[in-house]
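Quick notes on the structure that follows.
Predicted model only: the values in this text are computed from it and were never measured. Below, all heavy atoms of this structure are taken into account, side chains as well, without hydrogens, waters or symmetry copies. By convention here, the first residue in the shown sequence is residue 1.
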Amino acid sequence: IAVWIRFNNDSRFNSFQEIFNNGQFFLRKNSQGEGNRMAVFVDFADGTVEPRAQSAAGLIPERWYHAVGTWDGTSLSLYLDGRLESRRTRVGTLLPPVPATIGAGQRSNTSVNFASGRVDELMIFGRALTDAEALALRGLGHADAPGLGRLHDLEKRRRPQTFQFRARPLEQMPEDI
C-alpha cells in the first residue's frame, strides 16, 4: 500500500489512527503512548502482529507524509517520505482477509481507530514492491500539488466509508517505477 496522508491537529491526533486495514495487513499511526509513529503490520493466524515495521520518529500533525508499506512473505517494510524507515522479518500464515477499510478499523471491527486528516493517492498493490518501486512512488506526485483530484477528508466522517476506484495492473503504471 502507498498513500499520502496528513493527520489533523485535533483531539484524535494522539490516538491510534488506522489508514488501511483488511485484517491481514494494516497501516496506521500509533498512539502517543507508542510515540505517534507510522507503523505497518501483518496479522497472522496465530494472533501475532509483532514485530511491526515503524518509523524512527513520531509524526507531526498538519504535515503531509508519503508512506509505503510492503510485505513479501518474509520482510515487512515501511518507507516514509522516500526512505526506508524499518524492515522486520515476519514469516507466517495470514488470517483470512476481511473487507478492506480506509480510515478506521482493527481486524473486522470497523468502529475503532478512526483517522482524522486527509488521504490522497492511495494505491493498493497485489504483490510486494521492490525497494526501487517503493522509493520511486514518492516522486509520482505530491498531495499539495494542484490538479491531483479530490482529497478525501477523513475528519468529516465517523464511520467507515466506501470508495470507488479503478484498479490498474502494475505494468500500466508510469515507466519510471
Side-chain angles (χ1 to χ4, degrees), residues 1-10 12-32 34-43 49-72 75-88 90 100-106 112-145 148-155 160-161 163 165 167-168 170 173-174 176-177:
I1 186 165
V3 65
W4 283 97
I5 185 80
R6 188 201 72 169
F7 297 97
N8 288 337
N9 189 14
D10 61 15
R12 296 257 342 117
F13 183 74
N14 290 320
S15 302
F16 293 110
Q17 295 191 46
E18 209 78 20
I19 300 163
F20 175 84
N21 166 42
N22 73 350
Q24 296 178 326
F25 187 87
F26 56 105
L27 179 67
R28 78 170 187 209
K29 187 196 73 63
N30 289 329
S31 69
Q32 182 177 26
E34 294 186 2
N36 282 324
R37 297 173 188 201
M38 185 70 71
V40 63
F41 303 77
V42 287
D43 205 347
V49 295
E50 300 289 349
R52 70 186 84 171
Q54 66 182 358
S55 61
L59 304 181
I60 299 167
E62 306 298 337
R63 179 183 179 276
W64 283 102
Y65 293 92
H66 186 258
V68 178
T70 187
W71 179 65
D72 64 7
S75 294
L76 178 66
S77 301
L78 175 70
Y79 304 82
L80 195 62
D81 291 337
R83 57 183 189 277
L84 176 64
E85 284 281 318
S86 178
R87 178 169 285 142
R88 304 299 298 260
R90 290 287 286 146
T101 57
I102 298 168
Q106 182 173 341
V112 297
N113 298 347
F114 291 105
S116 177
R118 292 177 179 233
V119 63
D120 193 23
E121 299 182 41
L122 176 76
M123 298 176 162
I124 301 169
F125 299 91
R127 64 166 178 81
L129 301 177
T130 66
D131 284 338
E133 290 168 333
L135 294 170
L137 285 174
R138 186 174 192 279
L140 290 180
H142 188 281
D144 283 335
L148 290 179
R150 183 175 153 201
L151 298 175
H152 296 284
D153 291 325
L154 299 173
E155 69 267 23
Q161 188 170 352
F163 293 91
F165 58 91
R168 169 167 62 166
L170 192 61
M173 295 297 288
D176 58 347
I177 291 185

Please round to the nearest 0.5 Å and tell me the distance separating atom CD of E18 and atom CG of L27.
8.0 Å
Backbone N/O of A53 and side chain of E85: donor-acceptor pair under 3.5 Å
no
Spell out, as yes or no, whether a donor-acceptor pair under 3.5 Å connects the side chain of R90 to the backbone of E50.
yes
Between D43, I124, T70, L76, which is the residue that forms a side chain to side chain contact (heavy atoms under 4.5 Å, CB included) with F25?
L76
Supply the atom-to-atom distance N30 CG to S15 OG, rounded to the nearest 0.5 angstrom.
11.5 Å
Taking atom CD of Q54 and atom CG of L80, what is their separation to the nearest 0.5 Å?
11.5 Å
Just to verify, which of V68, L84, L129 counts as forming a side chain to side chain contact (heavy atoms under 4.5 Å, CB included) with S77?
L84
R12 (side chain) donor-acceptor with F114 (main chain) under 3.5 angstrom
yes
If you take all heavy atoms of S55 and R37, which pair is closest and at what distance?
O-CD, 3.2 Å
Y65 side-chain N/O to I60 backbone N/O, donor-acceptor pair under 3.5 Å
yes
Using 0.5 Å steps for rounding, measure from the CG atom of L137 to the NE2 atom of H66.
5.5 Å
Quick one: pull up CZ in R118 and CD in E62 and give me the separation to the nearest 0.5 Å.
9.0 Å
Do any N or O atoms from the side chain of K29 and from the backbone of I19 form a donor-acceptor pair under 3.5 angstrom?
no
Please evaluate residues N8 and R6 with respect to the criterion side-chain hydrogen bond (donor to acceptor under 3.5 Å, both in side chains), reporting the C-alpha separation (whole Å), side-chain torsions for both, the decisive distance (0.1 Å), and the verdict.
CA-CA 7 Å; N8 288 337; R6 188 201 72 169; 3.0 Å; yes
Show the nearest heavy-atom pair for residues W71 and A128, with the distance to one decimal.
O-CB, 3.3 Å
Please enumerate all residues that pass side chain to side chain donor-acceptor pair (under 3.5 Å) together with T130, with sequence neighbours excluded.
E133
Under 30°, 30 to 60°, or over 60°: which ring-plane class applies to W64 and W4, parallel, tilted or perpendicular?
perpendicular
Exercise: identify the closest heavy-atom pair between F13 and L59:
CZ-O, 3.3 Å
Are any non-hydrogen side-chain atoms of V49 and F26 less than 4.5 angstrom apart?
yes
As an exercise, state the distance from CG of D131 to CZ of R87, rounded to the nearest 0.5 Å.
4.0 Å
